[in-house]
Engineer: 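There's a structure below that I have some questions on.
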2 protein chains.
Amino acid sequence: MPRVTIQQVAKAAGVSPSTVSNLLNGRTSKMVPATRQRIDHAIAELGYRPNRAARQLRTGRTQTIGLIVPSVGNPFWGSFARELEVAALEIGCNVLLCNSERNAERERRYVEELWEDGVQGIVLCSSLPSLDHLADLIARGLRLVTFDRPAQAADPESVVSISINNHVGGFLATSHLTALGHEQVAFVSGSLGSLNRVGRFRGYCTALEEAGIDPAAMPTWAPMGDTPFGDFEAAQVGREAARELFSGNGEAPTGIVAVNDMTALGCCRGLRDLGLTVGKDVSVVGFDDIVLADLYDPPLTTVRQPIARMAALALAEAVESENNQEPGRSVLLRPELVVRASSAPPAGSVPEARRGDEALEGDSALR
Amino acid sequence: MPRVTIQQVAKAAGVSPSTVSNLLNGRTSKMVPATRQRIDHAIAELGYRPNRAARQLRTGRTQTIGLIVPSVGNPFWGSFARELEVAALEIGCNVLLCNSERNAERERRYVEELWEDGVQGIVLCSSLPSLDHLADLIARGLRLVTFDRPAQAADPESVVSISINNHVGGFLATSHLTALGHEQVAFVSGSLGSLNRVGRFRGYCTALEEAGIDPAAMPTWAPMGDTPFGDFEAAQVGREAARELFSGNGEAPTGIVAVNDMTALGCCRGLRDLGLTVGKDVSVVGFDDIVLADLYDPPLTTVRQPIARMAALALAEAVESENNQEPGRSVLLRPELVVRASSAPPAGSVPEARRGDEALEGDSALR
DNA sequence: GCTTGCCGGTGTAACGATGCACCAAACTAG
DNA sequence: CTAGTTTGGTGCATCGTTACACCGGCAAGC
């Protein structure tokens with residue numbers, strides 16, 4: 001219970017606290033081996049562990065960064081959190097995890113708390129259109145890295161953004177379907193209240209237009225509620241969307257582009273509820289390439305985000321170091337289409353013997 | 001950059017730091033409203049946020065607990081982490097997240113770091129047979145809650161354990177299959193190096209024996225490597241297992257009990273690779289009831305862990321409070337079988353019109 | 001023998017917040 | 001009018017570490 005302090009170690013080793021501190025901090029150049037051993041021994045004997053709070057108070061430094069995700073319950077964010085944590089471990093950093101549920105208030109609260117904790121920087125996985133709710137903290141010197149939210153013109157200059165090009169992603173997903181011959185392609189998403197979703201939606205529109213299809217004529221499912229669903233309920237959204245799209249009176253789509261994999265899997269489940277077969281009756285394309293996309297039956301065609309690389313980039317920007325004191329440039333990576341069995345030419349078209357199933361796999365998020 | 005301190009606030013408000021501190025800590029009983037307002041105003045004006053490190057150093061208290069999971073990349077742990085974090089938020093607690101990859105060394109390292117951080121307690125999701133590698137820290141007063149690891153006789157007295165009864169779980173899963181008429185039931189798992197897995201395996205054996213089947217005669221897939229797979233690779237294990245079990249020369253099973261849902265889904269995928277249909281040719285039962293179990297095609301029969309309740313219990317024990325100073329009793333909850341479409345009577349038996357599909361759903365991990 | 005230089009450490013003042021002990025001023029009671 | 005009490009706040013030591021300035025002693029140099 002009573003923690004061992006540096007003084008006790010010093011006494012036990014017969015030296016001054018300063019000397020112990022010197023050893024602890026690698027200032028061993030002028031230290032005779034015998035002294036060093038006595039101290040090491042005392043530390044081991046007493047089970048001494050330096051008090052972080054005291055150290056931080058004195059030095060002003062922390063070895064912690066904050067991570068705010070919509071929800072680690074969503075496998076995509078879970079994987080991202082893991083990648084970031086693994087990368088952080090390698091540089092001796094801890095990660096404080098928070099789930100914002102895509103809620104601006106919670107975001108604000110968490111950012112404040114992390115700031116109080118003295119974190120080096122914060123990786124904010126949020127895609128709210130504006131950062132106004134954090135403007136004052138940013139102005140005060142908060143080191144903020146936004147993930148999955150492309151940089152906006154109005155953003156404070158110091159904010160770094162790491163994201164894929166969602167527009168390209170949405171385009172890849174959609175043009176894949178139009179190229180297969182689909183002419184009725186729906187877009188399914190939770191509320192379009194976040195920039196990444198809007199980007200994907202725009203890419204979808206662009207692809208349709210390029211294929212000579214009017215996006216406005218397409219069925220789209222994206223609730224406009226003020227309180228967007230958290231990420232965790234994404235599957236539910238997909239499931240409901242499938243029910244609505246196919247039980248309605250309008251023309252049913254032959255292809256669905258989902259805003260992310262969980263929503264896509266929800267769609268698949270919804271389609272199955274209706275007795276439809278994914279990859280035959282209806283094609284579904286997801287987004288993210290979570291591990292489960294490949295495990296699903298049928299394996300899900302999706303747009304892959306290079307999650308490990310993005311985590312490494314985000315970490316590098318969130319951490320204070322000598323070589324990134326300059327403004328830090330935002331990064332927009334290119335996503336990649338992974339074709340699997342959930343997409344095929346529309347039913348009724350000339351059958352083809354294609355199964356891109358195993359085209360790409362394995363490196364998504366492994367060590 | 002230069003953080004605002006309590007002194008600056010005090011000066012701005014024309015009071016002493018003590019008074020500001022008093023306000024901050026709710027000692028406002030004897031404080032005239034005008035003073036109070038001046039301070040509030042100064043705080044807002046300067047954007048003052050108390051320095052946690054200083055506060056912690058002084059008071060010895062933290063509002064942080066540590067959470068060590070095998071990997072948040074695994075949806076089960078992701079969901080658990082989220083539940084815990086949500087619960088913690090409600091009592092004003094932060095969660096420090098670590099991924100141990102089921103590695104004793106990393107566990108040790110993380111526990112040490114969290115200890116240095118001064119966390120109130122640690123929720124350790126690990127199921128290593130012994131806690132010896134943490135014995136000294138526990139002896140020093142570390143507040144440890146193990147999750148998904150039943151209490152062992154040799155455990156230090158102060159360690160609290162929150163877990164389901166894995167034996168019962170394994171039994172439920174397996175007897176479900178034997179009751180359906182399966183006589184060749186395989187057990188698929190990563191290395192049996194953890195207590196929860198062993199417990200599930202034992203339950204599996206018990207159920208078989210009860211059905212008059214010799215467990216030793218059953219095909220089992222559980223690599224015995226010294227370096228157990230991290231949780232993230234669980235699906236891979238299942239996939240390989242399916243390939244091996246069915247491409248081998250021995251008698252192929254008609255039913256599979258997987259040690260967790262990710263492994264089960266991997267099995268399903270592997271079976272599909274082989275052209276087999278889950279829920280018809282082969283029955284698969286998982287464990288955990290992650291969100292994806294219900295989304296999968298076919299929806300997965302599985303053993304549900306009451307994750308939200310367990311998270312709440314774990315939090316309560318990890319946190320220091322007046323009402324849990326006593327030893328803290330370990331908890332062993334009863335899991336629940338959720339029957340869905342991945343299990344059915346073995347092919348060739350009398351067909352039945354059963355589809356327990358939607359029997360249970362919805363409350364697994366939602367708010 | 002006295003200075004110089006180096007070796008191997010030590011003394012000490014912070015870092016920012018806290019909270020107990022204390023105090024000056026204003027009242028109140030007798 | 002004075003002792004006592006309440007009101008509204010302040011002074012200061014302290015938490016455990018750090019790092020810069022400093023110091024005693026010994027050997028070498030002249």
Side-chain angles (χ1 to χ4, degrees), chain A residues 1-40 42-43 46-64 113 115-119 140-141, chain B residues 1-40 42-43 46-64 112-113 115-120 140-141:
Chain A
M1 204 64 152
R3 293 181 81 119
V4 182
T5 76
I6 204 172
Q7 339 274 353
Q8 299 174 39
V9 174
K11 204 184 303 173
V15 296
S16 78
S18 305
T19 306
V20 180
S21 171
N22 286 337
L23 174 56
L24 255 39
N25 292 280
R27 288 183 289 273
T28 63
S29 57
K30 13 171 96 179
M31 191 178 299
V32 89
T35 310
R36 185 180 180 143
Q37 278 174 26
R38 288 210 316 283
I39 299 176
D40 280 335
I43 288 177
L46 280 72
Y48 168 72
R49 310 258 80 213
N51 179 319
R52 279 259 173 82
R55 177 177 274 178
Q56 177 183 341
L57 175 59
R58 184 66 243 257
T59 63
R61 283 177 253 123
T62 345
Q63 288 299 21
T64 308
E113 292 203 354
W115 173 249
E116 283 176 38
D117 278 336
V119 296
R140 285 208 169 76
Chain B
M1 203 68 149
R3 294 181 79 121
V4 182
T5 75
I6 203 171
Q7 339 276 350
Q8 298 174 39
V9 174
K11 203 186 302 174
V15 296
S16 76
S18 305
T19 306
V20 180
S21 172
N22 286 337
L23 174 55
L24 254 40
N25 292 280
R27 287 184 289 272
T28 62
S29 57
K30 10 171 96 181
M31 191 179 298
V32 89
T35 310
R36 186 181 181 143
Q37 277 175 27
R38 287 210 318 282
I39 299 176
D40 279 336
I43 287 177
L46 281 72
Y48 168 72
R49 309 258 81 212
N51 180 320
R52 279 259 173 83
R55 176 177 276 178
Q56 178 182 340
L57 175 60
R58 185 66 240 261
T59 64
R61 283 178 253 124
T62 345
Q63 288 299 21
T64 308
E112 278 189 11
E113 292 202 355
W115 174 248
E116 283 175 39
D117 278 337
V119 297
Q120 289 191 15
R140 285 208 169 74

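Proteins come first, then strands; the chains are lettered A, B, ... in the order of their sequence lines, and each starts at number 1.
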Engineer: Under 4.0 Å: is that the gap between some side-chain N or O of A:Arg27 and OP1 or OP2 of D:dA19?
Structural biologist: yes
Engineer: For B:Leu23 and D:dT10, what is the distance between atoms CG and P respectively, to the nearest whole Å?
Structural biologist: 12 Å
Engineer: Kindly compute the distance separating OG1 (B:Thr64) from CZ (B:Arg52), expressed to the nearest 0.5 Å.
Structural biologist: 6.5 Å
Engineer: Does a nitrogen or oxygen in the side chain of B:Thr35 sit under 4.0 Å from OP1 or OP2 of D:dG9?
Structural biologist: yes
Engineer: Atom CG of B:Asn22 and atom P of C:dA17: how far apart are they, to the nearest Å?
Structural biologist: 14 Å
Engineer: Nearest to the side chain of B:Gln7 - C:dA17, D:dT18, C:dT18?
Structural biologist: C:dA17
Engineer: Side chain of A:Arg61, heavy atoms from C-beta onward: which of D:dT17, D:dA19, C:dG19 has the nearest atom to it?
Structural biologist: D:dA19
Engineer: What integer distance in Å separates A:Asp117:CG from C:dG16:P?
Structural biologist: 16 Å
Engineer: Taking atom C1' of D:dT18 as reference, at what distance in whole Å does atom OH of A:Tyr48 sit?
Structural biologist: 10 Å
Engineer: With nearest nucleotides of DNA chain D determined for B:Ala54 and B:Arg38 from heavy-atom distances, which residue corresponds to the more 5′ nucleotide?
Structural biologist: B:Arg38
Engineer: Mind checking A:Val15 for me? I need base, sugar-phosphate or nothing, with any heavy atom below 4.0 Å counting as a touch.
Structural biologist: sugar-phosphate
Engineer: Quickly work out the B:Arg3 CZ to C:dG16 P distance and round it to whole Å.
Structural biologist: 10 Å
Engineer: Between A:Ser18 and A:Ser21, do the side chains contain an N or O donor and an N or O acceptor separated by less than 3.5 Å?
Structural biologist: no
Engineer: Considering only side-chain heavy atoms of A:Arg58, which listed nucleotide, C:dA17, D:dC15, C:dA14, is closest?
Structural biologist: C:dA14
Engineer: Could you check how far CG of A:Leu57 sits from P of C:dA17, rounded to whole Å?
Structural biologist: 9 Å
Engineer: Calculate the interatomic distance between B:Ile6 atom CD1 and D:dT14 atom P; express it in whole Å.
Structural biologist: 19 Å
Engineer: What are the two closest heavy atoms between B:Ala12 and B:Leu46, and how far apart are they?
Structural biologist: CB-CD1, 4.2 Å
Engineer: Using the side chain to side chain contact (heavy atoms under 4.5 Å, CB included) rule, take B:Asn51 and B:Thr5 through it: C-alpha gap first, then chi angles, then the decisive distance, then the call.
Structural biologist: CA-CA 8 Å; B:Asn51 180 320; B:Thr5 75; over 6 Å; no
Engineer: Describe the nucleic acid contact of A:Asn25 in one word from base, sugar-phosphate, nothing, applying a heavy-atom distance below 4.0 Å.
Structural biologist: sugar-phosphate
Engineer: Can you see whether B:Gln63 engages B:Gln56 through a side-chain donor-acceptor pair at a distance of less than 3.5 angstrom?
Structural biologist: no
Engineer: Which listed nucleotide (D:dA19, C:dA17, D:dG16) is nearest to the side chain of A:Ser21?
Structural biologist: D:dA19
Engineer: Would you tell me if any nitrogen or oxygen in the side chain of A:Ser16 comes within less than 4.0 Å of OP1 or OP2 on C:dT10?
Structural biologist: yes
Engineer: Can you check the A:Met31 CE to C:dG8 P distance for me, whole Å?
Structural biologist: 10 Å
Engineer: Have a look at A:Asn22 and tell me which of A:Arg27, A:Lys30, A:Arg36 forms a side chain to side chain donor-acceptor pair (under 3.5 Å) with it.
Structural biologist: A:Arg27
Engineer: C:dT10, C:dT18, D:dA19: which one has an atom nearest the side-chain heavy atoms of A:Thr19?
Structural biologist: C:dT10
Engineer: With a 3.5 Å cut-off and just heavy-atom distances, do the side chain of B:Arg55 and the base of C:dT18 make a donor-acceptor pair?
Structural biologist: no
Engineer: Would you say the base of D:dG11 and the side-chain of B:Ser18 have a donor-acceptor pair closer than 3.5 Å?
Structural biologist: yes
